[in-house]
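The structure appears right after this line, and notes come after that.
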Protein chains: 2
Amino acid sequence: MNKKQAQIESHHFPWDHPRFRSWIAVARACQLMQQTLTRRLTHLDVKPPHLDILVNLYRFDGITQQELARKLLVGRSNMSMLLPQLEKRGLIERRGDARDKRVLRLSLTSAGRTLTEEAMEIQTALIENSHGGEPIEDCVKVAESMERIIATLLKEDDLAAGG
Amino acid sequence: MNKKQAQIESHHFPWDHPRFRSWIAVARACQLMQQTLTRRLTHLDVKPPHLDILVNLYRFDGITQQELARKLLVGRSNMSMLLPQLEKRGLIERRGDARDKRVLRLSLTSAGRTLTEEAMEIQTALIENSHGGEPIEDCVKVAESMERIIATLLKEDDLAAGG
DNA sequence: ACAATTATGTTCATGGTTGAACATTAGAAA
DNA sequence: TTTCTAATGTTCAACCATGAACATAATTGT
C-alpha cells in the first residue's frame, strides 16, 4: 500500500489537513478581496493591476520597469503591456536614463498622484472595513506568518531560477 | 485641510497601517504560492484553475456547473470555457440531468480521479512545505481570521447583487 | 579592441477571466 | 393554459498575464 492509498483510505483528504484548509481560506479571501476592490475602483477606471503599479510609483519614484516587475512578482512583458496605457492616460511618465540607455525610469504625473491617492483611500478603507474587528495584533501575526511563507517560496524561486 | 491631506502630511501612508501591510503580505504570499504551484503542476499539464475544478469534482460528485462556479467564486462563463477542455482530455464527464434539462451534472472519470489525486499530493506537499515550521494552531487562527473576512466580503457581495 | 555574456525592454502567440447578450428550460403568476 | 420571470449554460469581445524570441545596450573576459 503506497502513501496515496493510505491517505485516501484513512480519510486523510487534503481538506482534512488544518494547513490545507487554512490556505484555501487565505486564497479565497484574496480572491474575494480582489473582486471587491475591482468593483470599488471601477468609477476611477482603475483595476488592481494598475493600482499596484501606481502605488509602487508613488512610493518609489524613478523606479525602473524591471525593478517594478520584480516588486509586483510579474514578468517584464506585463509591464511593457500595461505601462503604455497609463502613460497615454497621462498618469505616468517614462524617461530614458542618461547613464544606462536601456532603462526607462518611471514617475507619476501630478494627475497620476492625485488618482493614486484617491484609489489608495478606497483600498485602505476596504481593507479596514473587511477586517472588521480583527485585533491589530492578530493582523501582525498573520503578516509574520505570511512573510515567512513568502521567504520560503522566494528561496524556492531562486533555486528554480539558479538550477 | 481634508482627511487625505492630513493622512499624507502626517506620514500616515497606507503602507504604514498594520492591517494594510498585513494584507499586502497575504496577497503576495497567495501570488507566489499560485506561481509555484503552477510550476509544480506543469508536468501533469494541469494549472491551478483546472486543479480547483478537479478537486471540487472529487469532493462533490454530480455537482452542477453553476454550483461549481459559485464554489470557485468565478463566473459561469468561465466554466463553460474550461470544462469542455477537461472533458476532451477524458478527465471529466458532463451528463444532462433528467429532471432539469438545463443543468449539466459533472463527475470525474477514472483517469480524472487518478490525476486529481496526483495533483492534490503536489499541492498538499507544497502547502506543508512552504508553511515550514508554522504551528498548526497559528494556521487555525489564520483560517479563522480569513473566514471572518470572507464572510464580511460575501455580505458585501450580496448587497451589491441585491441592490 | 573584440567577442561573449548579461541585462532591459518590446513583440507576439497563447491562455485564463470577465461581463454582456443570447437561447433554452423551469417555475410562478395571471 | 398562457405569460412573465428566474435560472442554467453558451458565445463573444475585451483584458490581464505569461513565456519565448527578439533588439538594443552594458558588462565582462580575452
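Note: hydrogens, waters and symmetry copies are ignored here, and every other heavy atom, side chains too, is used. Everything numeric here is computed off the predicted structure, so don't read it as measured data. Each chain gets a letter, A, B and so on, in the order its sequence line appears, and its residues count up from 1.
Between Val74(A) and Arg76(B), the residue whose closest nucleotide on DNA chain D is further toward the 5' end is Arg76(B). Between Arg105(A) and Gln31(A), it is Arg105(A) whose nearest contact on DNA chain C lies nearer the 5' terminus. Mapping Glu67(B) and Leu73(A) onto DNA chain D by nearest heavy atom places Glu67(B) at the nucleotide closer to the 5' end.
Across all strands shown, Asp100(A) has heavy atoms under 4.0 Å from sugar-phosphate atoms exclusively, and none from any base. Gln85(B) comes within contact range of the sugar-phosphate backbone alone, with a heavy-atom separation under 4.0 Å but no base atom that close. Using a 4.0 Å heavy-atom criterion, one finds that Thr64(A) contacts the sugar-phosphate atoms exclusively.
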Could you go through the side-chain contact (heavy atoms from CB on, under 4.5 Å) check for Glu147(A) and Arg28(B) one step at a time?
CA-CA 9 Å; Glu147(A) 298 289 1; Arg28(B) 284 174 60 88; over 6 Å; no

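Of the side-chain N and O atoms in Gln65(A), none sit less than 4.0 angstrom from OP1 or OP2 of dT8(C). Put simply, Gln35(B) has a side-chain N or O that comes within less than 4.0 Å of OP1 or OP2 on dT18(D). Taking only side-chain nitrogens and oxygens, His50(A) comes nearer than 4.0 Å to OP1 or OP2 of dC16(D).
In the set dT10(D), dA26(C), dT18(C), dT10(D) carries the atom at the smallest distance from any side-chain atom of Leu104(B). Nearest to the side-chain atoms of Lys101(A) among the listed nucleotides dA25(D), dT8(C), dG9(D) stands dA25(D). Closest to the side chain of Pro49(B), out of dT8(C), dT17(C), dG9(D), is dT17(C). Among the nucleotides dT17(C), dT25(C), dG9(D), the one closest to any side-chain atom of Asn78(B) is dT17(C). Set against dG16(C), dT8(C), dA17(D), the side chain of Leu82(B) has dG16(C) as its closest nucleotide.
In this structure, CD1 of Ile53(A) is placed 13 Å from P of dG9(C), rounded to the nearest angstrom. In this structure, Leu72(B) places its CG atom 13 Å from C1' of dG16(C), rounding to the nearest Å. Remark: P of dT8(D) and CZ of Arg99(B) are 15 Å apart, rounded to the nearest angstrom. Taking atom CZ on Arg70(A) and atom P on dT18(D), their separation rounds to 15 Å, with Å as the unit. In this structure, Arg94(A) atom CZ and dT8(C) atom P are separated by 16 Å, rounded to whole Å. If you take CE of Met81(A) and P of dT8(C), they are 20 Å apart, rounded to a whole angstrom. The nearest whole Å value for the distance from the CE atom in Met79(A) to the C1' atom in dG19(D) is 15 Å. Taking atom CD of residue Gln66(A) and atom P of nucleotide dA25(D), one finds them 18 Å apart after rounding to whole Å.
Residues Ile92(A) and Thr109(A) have side chains not in contact (no heavy-atom distance under 4.5 Å, counting atoms from C-beta outward). Side-chain atoms of His43(B) and Ile122(B), non-hydrogen and from C-beta on, do get closer than 4.5 Å to each other. Side-chain contact check for Leu106(B) versus Glu93(B): every heavy-atom pair is 4.5 Å or farther apart.
A donor atom on one side chain and an acceptor atom on the other are found under 3.5 Å apart for Arg94(B) and Gln65(B). Side-chain contact annotation: Ser145(B) with Glu134(A), donor-acceptor N/O pair under 3.5 Å present.
Judged by distance alone with a 3.5 Å cut-off, a donor-acceptor contact links the side chain of Arg102(A) to the base of dA7(C). Between the side chain of Ser80(B) and the base of dG9(D), no donor-acceptor pair of N or O atoms lies under 3.5 Å.
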